[in-house]
Amino acid sequence: MAAVSVRLPDGTTKELEPGTTALGLAQAIGPRLAKAAVAATVDGHPVDLATELAEGNEVSVVTAATPEGREVLRHSTAHVLAQAVLRLWPGAHFAIGPVIEDGFYYDFELPNGERFSDDDLERITAEMRTIMGEDQPFVRSEHTFAEGLELFADQPFKREIIEAVGAGGEGVDALSEGASPTSVSTYWNAPGFTDLCRGPHVPSTGRLGHFALMRVAGAYWRGDEKRQQLQRIYGTAWESDQALAEHLTRLEEAEKRDHRKLGAELDLFSFPEELGSGLAVFHPRGGTIRRLMEDYSRQRHAEAGYEFVNTPHITKSNLFETSGHLDWFADGMYPPMELDGGQEYYLKPMNCPFHILIIKSRQRSYREFPIRLFEFGTVYRYEKSGVVHGLTRVRGMTQDDAHIFCTREQMADELHSTLTFVLSVLRDYGLEDFYLELSTRPDGKAVGSDEEWAEATETLRSTALAMDLDLVMDEGGGAFYGPKISVQAKDAIGRTHQMSTIQLDFQLPQRFDMEYIGADNSRHRPIMIHRALFGTVERFFAILLEHYAGALPTWLAPEQVRVLGVRDDHQVYVDQVAERLGGAGFRVSMEPADEPLGARIRRAKLLKIPYILVVGDDDVAAGTVGVNRRGSERPVRGVSVDSFVEALHAEVDARALPESQDTVEAAPA
RNA sequence: GCCUGGGUAGCUCAGUCGGUAGAGCAACGCACUCGUAAUGCGUAGGUCAGGAGUUCGAUUCUCCUCCCAGGCUCCA
């Protein structure tokens, strides 16, 4: 038989004995590659190392320490998790066990309605290690549908996955689980354990081991609230113990910058239990940050031609009947209060109907458009108890809400300038890395004609495409009244957050029967653009706090400078310096010298104050300060007060980022 | 709303196999007067989340409620 020739990723070809597997190829290339190999790709398809290679195949070996390799490790570890659970809970049913970012999960239904507790994770981990110690092979085989159903006769979830494909529908889930339109693939590990799976897998369980089970959770079967809730176990797996440890360290680092933790440490806000879930109070330091955020926002909006309005927090029910919110979102609204002999009043969950009423307060001419109304509007939403989360998901929140009313002809220009404005303002707050998402008409739950949706969606799409940013689609993710563009931003540790949204709305103007008089002297209906830039002040606050790990840029810092005297007889000079800085418009404080200097510096450092000025005998004599800048290795002594003030002005005016605070230098000798 | 785990001093936590609690930091007082991330001593601080039940006795056991965390679902 002739040798088999395969092509490698570097473009070279390799001659192999007929029947050589992917693992054999790896061994032929080198023992280290063979050792690191977990799977392979053949002509672009991921396969097991046991796959026999054929003439002309393009083959690459997948090693453990790559994104593809980790997927294989995680998927295989998920199998072992399932095997362990089935061993420990005879009669358990297993559902799906996919790879997710940085890990995997597996869903189970335990016999007699049993549930996992945290303690079970240890038992399961131990069982998994036993299975890995047994070094069981992952043996792939292909079956017909009938055989598949037979094989999983006592596993209803597996049967449902197979049947879904057999019935020709809902194939996506099933495909990744190993059921395809033509066959069913499985992996056998040991007598009594076969899992439905597409693969590929590592050759044997002995290749696994650098994993940790993280937590248990409930999860609805197929993500459907109306179906039964399964027991889910989350885990993570890596190519080495070191990689696993690094991952766990990253999680700890992220925890340290959690805004809820920082909020308490920096005395910014709290959630008094007396108020109820999801209701925050902002303390003076947090209130100052909010004020600064809001002030700058107001300034930018004023410059961009927005007009400022104010509207009440409650309204008669008819407003939300007209808007349609009561039809769609009554569950998410606080229940009504009954006043004035039966009239129902609602706390407002949205500002838009109020702004519409402002437009409708008198007849409008086309000459007035576009009209851009802006309000920091506080709204209340009855979020389900399980979803409330820090400042990012609350029940009382303030939207930086703008509604732009314009003619159809102005619509495209307005969208473009709005999106440009939004990105510019976000950048000023220090967010840099963006992509856009276009959310289209939701299934079932939407108002308006197909034509209107199509036009609105296309208009938004062309606006987004003009931005020179990546655009991803979010099919069905729009609001009931219109599609939206959302701006997604990456933070300092690479997480993405949905920031601003821009929604195009043909519906509410109709529902409220809005109109203006056009140049043709007849009545026309305006277009409405909904736009939140921060989203909510609370959520944006939280994202900034985590982005900066609490070390806000000087222009946003609640306290910018703290002046410390070396001894208490420097206090007169401390007061002079503080007064000078306060007079120059900076937020400054001081602390008397009744504790050692190191202790006072430490306290200021823990509050992440950008500048600590230390003054002693030399400074009193020379009119200077010692500048201890946040993030710098060593302080700079002998800086003149004038040059410090000047540098601080420059930094604040530039809204400089914390890492670029290279502004204060020692005064020339 | 559902699943799992939790709530002890302002914060971080220990403890009580059922006999009403302790540390460090913070706060307050006194002393120390110091040149860049923790000075010393002392004082005070708790309905052990709230309510009900079992018990001679509950912070501890049981139930309910509230609140928090991680998920699921949801997010105008």
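Note: hydrogens, waters and symmetry copies are ignored here, and every other heavy atom, side chains too, is used.
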Checklist entry - Closer to the 5' end of RNA chain B via nearest nucleotide, is it Ser277(A) or Tyr380(A)? => result Ser277(A)
Item to check | Nearest-angstrom distance from the residue atom CD of Glu273(A) to P of rU47(B) | outcome: 13 Å
Report which part of the nucleic acid [X] touches: base, sugar-phosphate, or nothing (heavy-atom distance under 4.0 Å, all strands).
X	answer
Phe271(A)	nothing
Gly598(A)	sugar-phosphate
Gly223(A)	sugar-phosphate

Looking only at side-chain N and O atoms, does [X] come under 4.0 Å of OP1 or OP2 in [N]?
X	N	result
His570(A)	rG35(B)	no
Tyr382(A)	rC74(B)	no
Ser385(A)	rG1(B)	yes
Arg602(A)	rC25(B)	no

Looking at [options], which one has an atom nearest to any side-chain atom of [X]?
X	options	answer
Val566(A)	rA38(B), rG35(B), rC72(B)	rG35(B)
Ala479(A)	rA76(B), rC3(B), rA38(B)	rA76(B)
Arg115(A)	rU33(B), rC3(B), rA76(B)	rC3(B)
Arg232(A)	rU39(B), rC72(B), rU36(B)	rC72(B)
Glu225(A)	rU39(B), rA37(B), rG1(B)	rG1(B)
Arg567(A)	rU33(B), rC75(B), rG35(B)	rU33(B)

When you compare [N] with [M], how far apart are their [atom1] atoms, in angstrom units rounded to a whole number?
N	M	atom1	answer
rG45(B)	rC28(B)	P	16 Å
rG10(B)	rA26(B)	P	16 Å
rG15(B)	rA49(B)	P	15 Å
rG51(B)	rA58(B)	P	13 Å
rC74(B)	rG19(B)	C1'	48 Å
rG40(B)	rA21(B)	C1'	28 Å

Checklist entry - rG53(B) pairs with which nucleotide, Watson-Crick or G-U wobble, both distances below 3.5 Å? => result rC61(B)
base_contact_polar ([N] base, [X] side chain, donor-acceptor, <3.5 Å):
X	N	result
Arg393(A)	rC74(B)	yes
Gln229(A)	rC2(B)	yes
Asp118(A)	rU4(B)	no

